[in-house]
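The structure under discussion appears below in the form of structure tokens.
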There are 2 protein chains.
Amino acid sequence: MFSKACEYGIRALIYIGQQSADFGRRVGLRDIAAEIDSPEAFTAKVLQQLVRQQLLTSVKGPAGGFELTPEQLRTVTLRQVVLAIDGPGMLQGCALGLPQCSAKQPCPMHYQFLPIRDQLNELLRTYTIGELAGKVHEGLGFLKQ
Amino acid sequence: MFSKACEYGIRALIYIGQQSADFGRRVGLRDIAAEIDSPEAFTAKVLQQLVRQQLLTSVKGPAGGFELTPEQLRTVTLRQVVLAIDGPGMLQGCALGLPQCSAKQPCPMHYQFLPIRDQLNELLRTYTIGELAGKVHEGLGFLKQ
DNA sequence: CACATACCGGACAAATTTGTCCGGTAATAA
DNA sequence: TTATTACCGGACAAATTTGTCCGGTATGTG
Ligand code: FES
Ligand code: FES
């Protein structure tokens, strides 16, 4: 579905968001990688991408780390994260790999596939990191097994 | 969504299916690759996989090629093709990459993601190669642009 | 300032996916 | 039988994704 990079990115954001929202606490790379069960250095790369795209805030130095501002918690959606890391492929690409998904020259799956892809888009567009962090806080969702 | 291998496999099957159903005609690798716009040698690998799994029939020698029997046209579903090439990942994996998708320890997206994944499963389970080939025959679907 | 902390950035390496090549094998026909 | 056709199978190569390493840079503390 999503790339590993994207999966790590989303899980990391949710964890950072939960710590920011619930404890106003910055978290370091080591923490993050441990809490979401991901390779530390690789996760760092992904987070750097997100920082550059301003979906995430980082602070250097002692007591530094990653955090999500209240605004980021409220406004950053999964869609933005997926777009930032994986690009638009999964969100608008053809199910059978035609170079363009279009009703002009649709693949045989097009009209059956479209509603499902639309629902996925809607889902990603709707959920913010803050909402997902809330689920983790309430024990309704987990970031590792 | 699916791997390139899987995309080529599905498109190839639909094309072969259309030729088998509409003209009772076997098609060769060269034809297939041209008609679905895919790399010939790589497509060959994918088709070999499908032949081994008996989702496709091949005949060697002059006037040989690939074909789908009436039974294959009627019974082979997209789901079988995806499983044969990409495995069960997309059909039952966790959206955020947790090693197991399970309600026991679900990720924060689980309950939102599940209905969408279920619809995808249903779609793949429902459609046979024969039905999709029909769409191409009627000009309602295309395999390249 | 000196020092410790922790993110940043680039180079590098491993693994996987995608794609190519070529000789082998089976089938058909002259 | 010989030649030709076309799929089969393994080895190989390129490209992409995933993952590691290490020095640089910014920041806070004494
Ligand atoms: S053209 Fe294939 S999904 Fe739209
Ligand atoms: S646990 Fe993530 S989708 Fe089910």
Side-chain angles (χ1 to χ4, degrees), chain A residues 1-13 15-16 19-20 25-34 36-68 82 84-87 89-90 93 97 99, chain B residues 1-13 15-16 19-20 25-34 36-68 82 84-87 89-90 93 97 99:
Chain A
M1 165 99 344
F2 304 121
S3 68
K4 284 291 171 196
C6 196
E7 291 172 356
Y8 298 151
I10 295 173
R11 301 219 303 272
L13 277 187
Y15 172 66
I16 298 166
Q19 294 295 310
S20 292
R25 184 192 292 163
R26 269 176 209 147
V27 285
L29 205 45
R30 186 167 331 208
D31 251 0
I32 297 169
I36 72 172
D37 201 18
S38 70
E40 198 174 312
F42 188 59
T43 306
K45 294 294 187 202
V46 179
L47 295 186
Q48 285 170 36
Q49 268 188 271
L50 295 174
V51 168
R52 277 194 292 269
Q53 311 238 8
Q54 307 187 357
L55 305 180
L56 171 64
T57 305
S58 73
V59 178
K60 288 184 182 178
F66 296 92
E67 67 182 353
L68 284 165
V82 171
I85 301 179
D86 279 353
M90 167 77 27
Chain B
M1 167 100 339
F2 304 121
S3 69
K4 285 291 171 195
C6 196
E7 290 173 355
Y8 297 151
I10 295 173
R11 301 220 301 272
L13 277 187
Y15 172 65
I16 298 165
Q19 295 295 309
S20 291
R25 185 191 291 164
R26 269 178 209 145
V27 286
L29 205 44
R30 184 166 334 208
D31 251 0
I32 297 170
I36 72 172
D37 200 19
S38 70
E40 197 173 314
F42 187 59
T43 306
K45 293 294 187 202
V46 178
L47 295 185
Q48 284 169 37
Q49 266 188 272
L50 295 173
V51 168
R52 276 195 293 268
Q53 310 239 9
Q54 307 186 0
L55 305 181
L56 171 65
T57 306
S58 71
V59 179
K60 288 183 180 178
F66 295 92
E67 67 182 353
L68 284 165
V82 170
I85 301 179
D86 279 353
M90 167 78 28

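In what follows, chains are A, B, ... by sequence order, proteins preceding strands, each numbered from 1.
Remark: B:Tyr8 pairs with B:Phe42 by the ring-ring contact (aromatic ring centres under 6.0 Å, His included) rule, at least two apart or across chains. For A:Gln19, the side-chain contact (heavy atoms from CB on, under 4.5 Å) partners are A:Tyr15, A:Phe23, A:Arg25, A:Val27, not counting sequence neighbours.
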Would you sort out whether A:Leu68 and A:Leu56 count as a side chain to side chain contact (heavy atoms under 4.5 Å, CB included), showing the intermediate values?
-> CA-CA 6 Å; A:Leu68 284 165; A:Leu56 171 64; 4.0 Å; yes
Full working for side chain to side chain contact (heavy atoms under 4.5 Å, CB included) between B:Leu50 and B:Leu47 | CA-CA 5 Å; B:Leu50 295 173; B:Leu47 295 185; 4.1 Å; yes
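The distance from atom CD1 of A:Ile85 to atom CD of A:Gln53, rounded to the nearest 0.5 Å, is 8.5 Å. To the nearest 0.5 Å, atoms CD1 (B:Ile32) and CD1 (B:Ile16) are separated by 3.5 Å. Taken from CG in B:Leu29 to OG in B:Ser38, the straight-line distance is 8.0 Å, to the nearest 0.5 Å.
If you measure from atom CG of B:Asp31 to atom C1' of D:dT5, you get 14 Å, rounded to the nearest angstrom. Distance B:Asp86 CG to C:dT17 C1': 11 Å, rounded to the nearest Å. The interatomic distance linking B:Asp37 (CG) with C:dT18 (P) rounds to 16 Å, in whole Å. The distance from atom CZ of B:Phe42 to atom P of D:dC8 is 16 Å, rounded to the nearest whole Å. Regarding A:Leu56, its CG atom lies at a distance of 13 Å from the C1' atom of C:dC8, rounded to whole Å. Atom CD in B:Gln53 sits about 14 Å away from atom P in D:dC8, given to the nearest Å. Put simply, CZ on B:Arg11 is 13 Å from P on C:dT18, counting in whole angstrom units. Between B:Leu29 atom CG and C:dC21 atom P there is a gap of 14 Å when expressed in whole angstrom units.
Evaluation of the salt bridge (Lys or Arg N to Asp or Glu O under 4.0 Å) test over residues 40-68 of chain B, restricted to residues two or more places apart or in two chains, returns B:Arg26-B:Glu67. The stretch residues 43-67 of chain A participates, sequence neighbours left out, in no ring-ring contact (aromatic ring centres under 6.0 Å, His included) pair at all.
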Just the atom pairs and distances: protein N or O near nucleotides 24-30 of chain C's N or O, under 3.5 Å.
from, atom 1, to, atom 2, distance (Å)
C:dA26, O4', B:Lys60, NZ, 3.4

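Look at B:Tyr8 and you won't find any side-chain N or O under 4.0 angstrom from OP1 or OP2 of C:dT18. When the side-chain nitrogen and oxygen atoms of A:Ser58 are compared with OP1 and OP2 of C:dA6, none of them lie within a distance under 4.0 Å.
Residue-to-nucleotide proximity on DNA chain C shows that, of B:Pro39 and A:Leu47, the 5′-proximal contact is made by A:Leu47.
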How does protein reach along nucleotides 9-16 of chain D, written 5' to 3' as B (base within reach of a heavy atom under 4.0 Å), S (only sugar-phosphate), or - (no contact)?
-> BBB-----
